[in-house]
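To start, the structure under review is shown below, and the notes come after it.
The shown structure was predicted, so the numbers you read here are calculated from the model rather than taken from an experiment. Per chain, numbering begins at 1; letters A, B, ... match sequence-line order.
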There are 2 protein chains.
Amino acid sequence: MIKEERQRLIIEKLNRDQKINLLELSQLLNVSYDSIRRDVIELEDKGLLKKVHGGAVANSYLSFKNTHNSSADQQEVVMLTRKAQKLFYNHQTILMDGGTTNFHIAEQFPKNLEMTVITNSLPLAAVLNEHPKIETILLGGTYHKRYQITIGNQVMKQLEHIRVDLYLMGFNGLDPEVGVTLRHYEESVLKQKMAQAAKKVAICAITEKLHTVETYKVCDLQDIDILITSLKPSDVTLNAFRQQGIELI
Amino acid sequence: MIKEERQRLIIEKLNRDQKINLLELSQLLNVSYDSIRRDVIELEDKGLLKKVHGGAVANSYLSFKNTHNSSADQQEVVMLTRKAQKLFYNHQTILMDGGTTNFHIAEQFPKNLEMTVITNSLPLAAVLNEHPKIETILLGGTYHKRYQITIGNQVMKQLEHIRVDLYLMGFNGLDPEVGVTLRHYEESVLKQKMAQAAKKVAICAITEKLHTVETYKVCDLQDIDILITSLKPSDVTLNAFRQQGIELI
DNA sequence: CTTTTTTTTGCATTTTTTTGCAAAGAATTT
DNA sequence: AAATTCTTTGCAAAAAAATGCAAAAAAAAG
């Protein structure tokens, strides 16, 4: 039995039962306790589960994401959102808008992170409920039911009085030529305003979004300060970003 | 049985029954009393429940789905929220704050009701997602994690520019002598401001809340325009309300 | 095809965590 | 105030995790 197969079986069992027991599993797969334990350590490093005393439990944020993404995409998202954690320090104030990526990043905030998060996304505020040390400020406005965010003039006005350390921008398309683009007009205007309210702008781009262009333009490449991507440093696509002086993670 | 599984089961049982007994639970899960108690301590640290003498109770002050009240209470809530529907017409703009009662009322809005709802409650906004014809406006501000509402100066400021037809006020205690009272100071101030922004103020009082007095006063009886109650019209308690010219439903 | 290198695996030892127990202290009830 | 019930505390046994090491297996190199 090769390692990869074992690990695949572990993940499968975990998805079924929500929890696994190391001893039980080692007997079931007929390998030593240590091998299983090492597998679980590896899987935890990949962010695919959470190790606990006596076994492992499913990573909650992965379970309901299964629906729309392939497992390869999932792994990329896990990796990217982990990388993104480098952006956050105690006593910062950051601005985050809606979108699944931002949602997953917020889910993975360290529990002891002391920060202020300003957002117009209701799911994000709900997730931050789990992080007692994070102060959440919600931007009020007309509630957009589909995207579950607030939009409109009132949000814009509140942004005028705000100055934050970092803006983590959600988006639909990123192209070296065109810049950052979006499907929804009102949001694109809002994001421009948000970018103005921040000292730095960061975006987190899964490979799927690179080289795609959507209808409404948010900003140019040069307006982005930090890009989080899973592309290898050698990738030619990154040259365009480097030329704009964008910090790559 | 690993610790995490036990704790998950504890939370599940807690969500079902709203309260748990340590001894009973230790027998059920077949572990020592001490282990269960230590689990409960950990869960309390995580803010997932509240420890009480001999057991634990659900922490979520707003555990909407399964109310911790008796079935008699539940029936009363259902009846009251039905009655409350009389207050709503098309093309109105109303203000609603947090609390379970308002939540249940919003749940029962007719699907074809065309209305604008302004609120500082996130669960309420989430519920209104199910009502396509209702426009929801969210008041922005500091997010209060426990009550799941926005509070603070920013909310107050937005209220200054608002004038609505009706304010449906949530509250903790209603007494003919003292008036409307609340447990939470900041909210009580906010509710005063909300009342000022509305042409009419309505409250929906389950019998349990009548004659109870909490720490912070929101307003006098005379500031209330409409009271929804399940008391019989002959009940003497209602006389005080009638004298203040309050419309009874 | 053999040798070398790397990876994987299992085992023994140490360290840490968890668990159950008992005695002492609080809180609650009668 | 006494009795009962629950909590807290310290402790020791048990369970599990981490660590270091060597044998076995697999992969790479010659």
- Count the heavy atoms belonging to other residues, nucleotides or ligands that lie under 6.0 Å from NZ of B:Lys19, then report whether that count exceeds 12.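 Open.
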- Does a sphere of radius 6.0 Å around NZ in B:Lys217 hold more than 12 heavy atoms from other residues, nucleotides or ligands, not counting ones at 6.0 Å or beyond?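 Buried by this count: over 12 neighbours within 6.0 Å.
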- Query: Going by the angle between their ring planes, with limits at 30° and 60°, are B:His144 and B:His184 parallel, tilted or perpendicular?
  - Reply: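 Judged by the thresholds at 30° and 60°, the geometry between B:His144 and B:His184 is perpendicular.
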- Would you mind telling me which of B:Thr119, B:Thr81, B:Asp97 makes a side chain to side chain donor-acceptor pair (under 3.5 Å) with B:Asn102?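 Output: one option passes, namely B:Asp97.
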- Report the residue from B:Glu5, B:Arg6, B:Glu24 that forms a side-chain contact (heavy atoms from CB on, under 4.5 Å) with B:Leu29.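 The side-chain contact (heavy atoms from CB on, under 4.5 Å) with B:Leu29 is passed solely by B:Arg6 among B:Glu5, B:Arg6, B:Glu24.
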- Query: For A:Leu25, which of A:Ile20, A:Val31, A:Leu14 qualifies under side-chain contact (heavy atoms from CB on, under 4.5 Å)?
  - Reply: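 That would be A:Ile20.
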Please write out each protein N/O paired with an N/O of nucleotides 6-8 of chain D under 3.5 Å, distance rounded to 0.1 Å.
residue: D:dC6; atom: O4'; partner: B:His53; partner atom: NE2; Å: 3.4
residue: D:dC6; atom: O3'; partner: B:Gly54; partner atom: N; Å: 3.0
residue: D:dT7; atom: OP1; partner: B:Val52; partner atom: O; Å: 3.3
residue: D:dT7; atom: OP1; partner: B:Gly54; partner atom: N; Å: 2.7
residue: D:dT7; atom: OP2; partner: B:Tyr33; partner atom: OH; Å: 2.9
residue: D:dT8; atom: OP2; partner: B:Lys51; partner atom: NZ; Å: 3.4

- Is there a donor-acceptor pair under 3.5 Å between the side chain of B:Asp175 and the backbone N or O of B:Glu177?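 Between the backbone of B:Glu177 and the side chain of B:Asp175 there is a qualifying donor-acceptor contact (under 3.5 Å).
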- For B:Glu44 and B:Lys51, indicate whether the former's side chain and the latter's backbone hold a donor-acceptor pair under 3.5 Å.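 Indeed, once roles are kept as given, a pair shorter than 3.5 Å links the two residues.
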- Net bend of the helix from C:dC1-D:dG30 to C:dT30-D:dA1, end axes of five pairs each, nearest 10 degrees: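 Rounded to the nearest 10 degrees, the bend comes out at 40°.
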Between N or O atoms, less than 3.5 Å apart, protein on one side and nucleotides 7-9 of chain C on the other: list the pairs.
residue: C:dT8; atom: OP1; partner: A:Lys3; partner atom: NZ; Å: 3.0
residue: C:dT9; atom: OP1; partner: A:Arg6; partner atom: NH1; Å: 2.9
residue: C:dT9; atom: OP2; partner: A:Arg6; partner atom: NH2; Å: 3.0

- State, without any angle test, whether A:Glu114 and A:Asn90 hold a side-chain donor-acceptor pair at a distance under 3.5 Å.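 The answer is no; no qualifying pair exists.
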- Task: Using a strict 4.0 Å threshold on nitrogen-to-oxygen distance, state whether A:Glu4 and A:Arg8 make a salt bridge.
- Result: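 No salt bridge links A:Glu4 with A:Arg8.
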